[in-house]
Amino acid sequence: MAGFQSLPGFRDFYPEEFSRRQHIFRVWRQAASAFGFQEYDAPVLEPLELYKTKSGDEIEAQLFSFTDKGGREVALRPEMTPTVCRMVGAKAGALKRPIKWFSVAEFYRYERAQKGRLRAFNQFNADIFGEAGPEAEIELIALLIQCLSSFGLTKDDFYIRLSDRDLWFFYLEALGFTDAQSRGILVAIDRFEKMGEDAFKGYVEMHGEVAAEMKDKVLAFLQIKSLADLEAVLAPFKSDKLATRLSDWRKVLSGLSAMKLSEFVAVDFGVVRGLAYYTGFVFEAFDRKGDLRALAGGGRYNDLVKKLGGPDLPAVGFAIGDVTTGLLLEQRGLTPHFVTAPDIYAVIGGEAERNAAFADIQALRASGWRVEYPFKELAFGKQFKAAAESGAKLALIYGGDELAKGVVKIRDMTDRSEREVARDQVLASVRDFLSGH
RNA sequence: GCGGUCAUAGCUCAGUUGGUUAGAGCACAAGAUUGUGAUUCUUGGGGUCGCGGGUUCGAGUCCCGUUGACCGCCCCA
């Protein structure tokens, strides 16, 4: 069609797509509520500086940013984390701990649209502030699993890869890497799955060759599949810090195991997550078939609230996107068709009967029943067909014959039985019938 | 930001080496049917063939540009 199109990477939500999106939002909200998280929202437009402070100046290239009429540098939010850190930071002293918050919101990123990645998308964000211990990770990972399994997805559909940036840095330092070198190694690790040995090219350019024996030790960390593997690889190193980290790992894994969620979780140090503000556990959810982008990602970011001007407040959080989730649900046939069927369809004999029908229709609607009727005069046959197609459970028949007798005919659309009720009994009869089903 | 593929009705697509007023199925609407249900039959609306230019007597078809979608790279908070 000629004329206007939506902007690249932006979607129109026709009623069918809208109902699919609502289903996703409903499931997320229900899961969060079951876990005792409280919903919040925030402005779509934020100061550009908020994102530059968190992610560096380069981030601007990926943002919908502009100068507003008051000369302010602003950006459409590309994520929720800086905003929620600002909100929590500003009132941290007054908020009861632990602070467990979630949001469902739309975000905007100026990137090339691809499958599973658009310029406008929705995310569920859940964060816990004020809890430094691994209990927060247990809570969030369990919530993440609930947010996905509530759709009907199982351990055969998705899983969560659990990793730890803190342990990576500990291990690399113990191997003799400097801090800068360690960061370079982590970039290589992030790419290793996709690129193999080539992933180290960038590191070699910056820091020089990695000794073969050293590289083997780095790659050994990637082979870790369990807590036992982890303890074995780290056995040569002893420190209080390491003992604490391993104790946290035991708590997280045994906690999730007690929740019977172990089958959803894989120890996998291949996950390091892009930007470097994560300070401990990091995790990502993927579909098992592995042909989609990450479904969700998160981790601990203990320094961020302070960096954005708030108090020193530990934090963990994750986000799930609606685009990849929607694709996965579609693949698995888990997108229910929502028919917004009326409760009642009013069949109206003609213009003479219309006003009598209107009186009841309005009263029924005011009581909360969903009632439909034809706008134009239609043959009875057509109206019954329309009633059947609408999915209504009941038809109310306002014909000349009925109204002359002071009654309305009620037809049960499922078994096609009919009976007559007095005009002033319509509301009561409908209530009896529909509340019994 | 860089490469590749594609674009015909609301949807899925057909359209011959360039040749008359561009087609089908589905969907939608009306009628057959002025008091009772998904079938059937008939009919109808809907296209500047993504957009703009060029070649040609003639372009949905060939060429260039552009916009968008999809795939890959960069990035992925």
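In what follows, every chain begins at residue 1, and chains take the letters A, B, ... in the order their sequences are listed.
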So does [X] reach the base of [N] with its side chain, donor to acceptor, closer than 3.5 Å?
| X | N | value |
| --- | --- | --- |
| A:Arg109 | B:rC75 | no |
| A:Glu418 | B:rU36 | yes |
| A:Lys382 | B:rU34 | no |
| A:Arg416 | B:rU36 | no |
| A:Gln62 | B:rG1 | no |

Flag the pair [X] / [Y] as yes when their ring centroid distance falls below 6.0 Å, and as no otherwise.
| X | Y | answer |
| --- | --- | --- |
| A:Phe37 | A:Trp101 | no |
| A:Phe281 | A:Trp249 | yes |
| A:Tyr345 | A:Tyr373 | no |
| A:His207 | A:Phe177 | no |
| A:Phe64 | A:Phe10 | yes |
| A:Phe286 | A:Phe158 | no |

Enumerate donor-acceptor pairs with a distance under 3.5 Å from any side-chain N or O in residues 138-148 of chain A to protein atoms, sequence neighbours excluded.
from     : atom 1 : to       : atom 2 : distance (Å)
A:Glu139 : OE2    : A:Lys100 : NZ     : 2.5
A:Gln146 : NE2    : A:Ser150 : OG     : 3.4

Open item on the list: Classify A:Arg191 by what it touches in the nucleic acid, base, sugar-phosphate, or nothing, heavy-atom distance under 4.0 Å.
Closed with: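 Since only primed, P, OP1 and OP2 atoms lie under 4.0 Å of A:Arg191, the category is sugar-phosphate.
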Open item on the list: Within the 4.0 Å heavy-atom criterion, would you say A:Gln123 contacts the bases, only the backbone, or no part of the nucleic acid?
Closed with: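 Contact class for A:Gln123: none.
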- [ ] Taking atom C1' in both B:rG53 and B:rC11, compute the distance separating them and give it to the nearest angstrom.
- [x]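 The same atom, C1', in both gives a distance of 31 Å.
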Task: P atoms of B:rC57 and B:rG72, separation to the nearest Å - done: 45 Å
- [ ] Calculate, to the nearest 0.5 Å, the distance between atoms CG and CD belonging to A:Asp68 and A:Glu73 respectively.
- [x] 8.5 Å
Restricting both atoms to N or O, compile the protein contacts to nucleotides 39-47 of chain B shorter than 3.5 Å, with distance only.
none

Open item on the list: Can you classify the ring geometry of A:Phe269 versus A:Phe221 as parallel (below 30°), tilted (30 to 60°) or perpendicular (above 60°)?
Closed with: tilted
Nucleotides 69-72 of chain B: which of its N/O atoms have a protein N/O under 3.5 Å away?
from   : atom 1 : to       : atom 2 : distance (Å)
B:rA69 : OP1    : A:Gly9   : N      : 2.9
B:rC71 : OP2    : A:Lys115 : N      : 2.5

TODO: Using the test ring pair (Phe, Tyr, Trp, His ring centres under 6.0 Å), find all partners of A:Trp369 that sit at least two apart in sequence or belong to another chain.
DONE: none
- [ ] Check whether the aromatic ring of A:Phe384 stacks on the base of B:rU36, taking stacking as ring centres less than 5.5 Å apart and planes within 30° of each other.
- [x] yes
- [ ] Convert the base pairs of RNA chain B into dot-bracket notation, remembering that pairs crossing earlier ones are written with [ ] and that bases paired across to another strand are shown as |; include only Watson-Crick or G-U pairs under 3.5 Å.
- [x] (((((((..((((.....[...)))).(((((.......))))).....(((((..]....))))))))))))....
Open item on the list: Applying side-chain hydrogen bond (donor to acceptor under 3.5 Å, both in side chains), can you list everything that pairs with A:Gln223, at least two apart in sequence or on another chain?
Closed with: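 For A:Gln223 there are no side-chain hydrogen bond (donor to acceptor under 3.5 Å, both in side chains) partners, ignoring immediate neighbours.
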